[in-house]
Number of protein chains: 4
Amino acid sequence: MSGAQERPLRADAARNRAKLLAVATEVFTTRGVGVPTEEIAQAAGVGVGTLFRHFPTKEALLSAVMVRRLETIAAETARLAAEAEPADAFFGCFRVVVDQSSGKSEFTQALAAAGVDAHAPLQESSMVIQAQLADLLAGAQQVGAVRPDLGLLELIALLVGTSTMMDHLGTDAPARERVFDVVFDGLRPR
Amino acid sequence: MSGAQERPLRADAARNRAKLLAVATEVFTTRGVGVPTEEIAQAAGVGVGTLFRHFPTKEALLSAVMVRRLETIAAETARLAAEAEPADAFFGCFRVVVDQSSGKSEFTQALAAAGVDAHAPLQESSMVIQAQLADLLAGAQQVGAVRPDLGLLELIALLVGTSTMMDHLGTDAPARERVFDVVFDGLRPR
Amino acid sequence: MSGAQERPLRADAARNRAKLLAVATEVFTTRGVGVPTEEIAQAAGVGVGTLFRHFPTKEALLSAVMVRRLETIAAETARLAAEAEPADAFFGCFRVVVDQSSGKSEFTQALAAAGVDAHAPLQESSMVIQAQLADLLAGAQQVGAVRPDLGLLELIALLVGTSTMMDHLGTDAPARERVFDVVFDGLRPR
Amino acid sequence: MSGAQERPLRADAARNRAKLLAVATEVFTTRGVGVPTEEIAQAAGVGVGTLFRHFPTKEALLSAVMVRRLETIAAETARLAAEAEPADAFFGCFRVVVDQSSGKSEFTQALAAAGVDAHAPLQESSMVIQAQLADLLAGAQQVGAVRPDLGLLELIALLVGTSTMMDHLGTDAPARERVFDVVFDGLRPR
DNA sequence: GATGAATGAGAATTCATTCAT
DNA sequence: AATGAATGAATTCTCATTCAT
């Protein structure tokens, strides 16, 4: 059901693909999506041709980076949902999403896309996460840990916005914590 | 009060400048900063040459747009600060800043930059606003309307992030209100 | 009915456009359509940007070259049709078309397109010529100068093929004449 | 008779070579020479590496395809020359050459080249055919079936041009026949 | 020998900025 | 001052060919 029989990929090819993905994640995150493909290839130690063999389009590369992020988020979220109380699961997951989404704004916006459009491959991952978030939200609301008037739409907006906030605070941990405090407090019922 | 002796600028030139600024604001806000200068000039009904006579660089144009926004915000903020109670002034101003900052994210981010780097002309406007915000924050904290542990840094992050949230909700007024509720609630002392 | 009000075009711009068209015609004809746009621009003494300002696509440039050729052919054909006897008009026109169509084969094929597909701008010119050819053919058949079993389709094939023949003979005038003799003889009723 | 000591070639290698040649002929003929080598290899069920092992250059592959065509033509021509009257042999051979040469024009032109430049391996095949054609032409002229003023040069041009004509008519058999009629009639003495 | 991943030199096209008109 | 044509560096993507597996 999930498409093409993926052949194991030669060792070196797999290495290159991984390196490209890693470099692209780093570069897109810190310097935005405007960075030339050539530069990414170079940073990964391969030729442009190789980059384009693995990702037929710059957009495809961007998409792959996003999917990986989303998958990480989904996995973490699933783990939290299974292991923690509804309230802790919800707030823990909120942090995970926010932390995984930080990076140069322009790029973070893409995550935004998860809540709206997004290209085919993203759709799936994004759907999964949305479903998880909806569950967590409902659970937390059930036990009275989160105000009942919020929907998935608002939650996503809050997540994306909080990511932006964190991007602004950089590594100032205490400040980040204070802002999380503000948002989390606001999320709780009065 | 500020540097260069500005020649009065011929009437038509002033008109062109104003039109360009208006169009650029609209275009950058709705379609992002990637829009070609040519297109902006065209939409303003002038040639590219004219655009570049008024703004020596695309970046300069962007900067001018930002300054105008910041000035609007500063004026509104000043008015609110003068007319309202500290608490109302603070929260009213928060809304003003957020509303004025919305638009295509990529661009909103730029505003964000105002809190960090920014080119010379922005610095000034941004300083003014920061000073106003600092005052409003202090006032609101004094009367116990806002938690005392927040600093200007956090406030700016919260403003930018809330703008992002609003961008995501678009024109869904009730949802926007619920999100404002969350943030404002979080800002108040427990 | 024939589209946009064309502004007179500045003197230098017109000169550049003409030069580009001339160079492109020459280059495409002698070296085929694979020649890089950059080279054409260079040969015309302008930057690539200028080429693309005048012709938004390489294909557009090719098309423009073709249209000009077709227009020349149409004009010549019209003149001959008006001034000469049906038979002379037909055979004279046949020579004109063949001569104007010669050049590096790959490109000549394009003329072929005139008889089949072709992009929008070509369509019109090609239609005109086809109509003219159909008239000339009918006229020549009426006076018994051309075998009556031939249609426009065959005529076009014969024209294109004869062009190819001439391309092969280059400037060997007597040989060209002998081949024209063969074709013309074949065209006449037995 | 010809140069290098050719190793017998392993059975599978021979099969691959044959498959590549067949596919290349098909592909070049129907879609032109611009088709990527990778695609040809894929269609033949081998990797690009294999293609390049058999044909060190794309041009070499093209050349091989041409040689095969020329050899087919030469064989057919020889058969006709041996079995038929001079006139029938000449005209029959004309048809064979034309039919074998049709296909996507761009490619047909290459065959044309056989009459002019061409790389080493082509030279030989092309020479053979030219000699055959010269003989057939002379024979047909001797018996008064073809105008005496035509030389080999003109004959080749006529062959190539007629191929182009046929390419234009596609599979419209009656039209093809009418065009053959024109050319054959033209070839006969008045 | 076969494979297909890697390479990198182009090629077409865009767009900020300059400058002749 | 205004105009818009010209410029050319930069960017994305392709494809013949090489080479490690």
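Lettering of chains follows the sequences in order, A, B, ..., and the numbering in each one begins at 1.
A close approach under 4.0 Å does not occur between any side-chain nitrogen or oxygen of Asn16(C) and OP1 or OP2 of dA5(F). At the phosphate of dT7(E), OP1 or OP2 sits under 4.0 Å from a side-chain N or O atom of Thr50(A).
For the pair Leu62(A)/Lys58(A), no side-chain contact is recorded, criterion being any heavy-atom separation below 4.5 Å from C-beta on. At a threshold of 4.5 Å between non-hydrogen side-chain atoms, the residues Asp12(D) and Arg15(D) count as touching. A 4.5 Å side-chain heavy-atom check between Arg68(C) and Thr25(C) finds at least one atom pair inside the cut-off. Under the 4.5 Å side-chain criterion, counting only non-hydrogen atoms from C-beta, Thr37(A) is not in contact with Leu61(A). Side-chain contact between Val46(B) and Lys19(B) is absent, with no heavy atoms from C-beta onward closer than 4.5 Å.
Within residues 36-46 of chain D, the residues approached by DNA chain F to less than 4.0 Å at the level of any non-hydrogen atom are Pro36(D), Thr37(D), in residue-number order.
With sequence neighbours left out, the side-chain contact (heavy atoms from CB on, under 4.5 Å) criterion links Thr57(C) to Glu59(C), Ala60(C).
Rounded to an integer number of Å, the gap from NE2 of His54(C) to C1' of dA5(F) is 7 Å. Rounded to a whole Å, the CZ atom of Phe55(C) is 15 Å from the P atom of dT14(E). The CG-P distance, from Leu61(D) to dT17(F), rounds to 11 Å in whole Å. Protein atom CG of Leu51(B) is 15 Å distant from nucleotide atom P of dC15(E), rounded to whole Å. Lys19(C) has its NZ atom 15 Å from the C1' atom of dA6(F), to the nearest Å.
Residues Ala24(D) and Val65(D) approach most closely at CB-CG2, 3.8 Å, considering heavy atoms. The shortest non-hydrogen separation linking Val67(C) to Ser125(C) is CG1-OG, 3.7 Å.
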Between the protein and nucleotides 18-21 of chain F, list the N/O to N/O atom pairs that are separated by less than 3.5 angstrom.
none

For DNA chain E, the expected dot-bracket line (Watson-Crick or G-U under 3.5 Å, [ ] crossing, | inter-strand) is .||||||||||||||||||||
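Across the interface with DNA chain E, nearest-nucleotide mapping of Arg53(A) and Val35(B) shows Arg53(A) to be the residue nearer the 5′ end. When each of Gly47(C) and Thr57(A) is assigned the nucleotide of DNA chain F with its nearest heavy atom, Gly47(C) is the one assigned upstream, toward the 5' end.
The salt bridge (charged side-chain N to carboxylate O under 4.0 Å, His left out) analysis of residues 40-54 of chain B, with sequence neighbours excluded, yields no pairs. The salt bridge (charged side-chain N to carboxylate O under 4.0 Å, His left out) pairs that include a residue from residues 34-50 of chain C are Arg31(C)-Glu39(C), where partners are two or more places apart or lie in different chains.
Distance from the side chain of Ala13(A) is smallest for dA5(E) among the nucleotides dA5(E), dA2(F), dA5(F). Each of dA16(F), dA2(F), dA6(E) was ranked by its minimum atom distance to the side chain of Lys58(D); first place goes to dA16(F).
At least one donor-acceptor pair under 3.5 Å links the side chain of Arg69(B) to the backbone N or O of Gln100(B).
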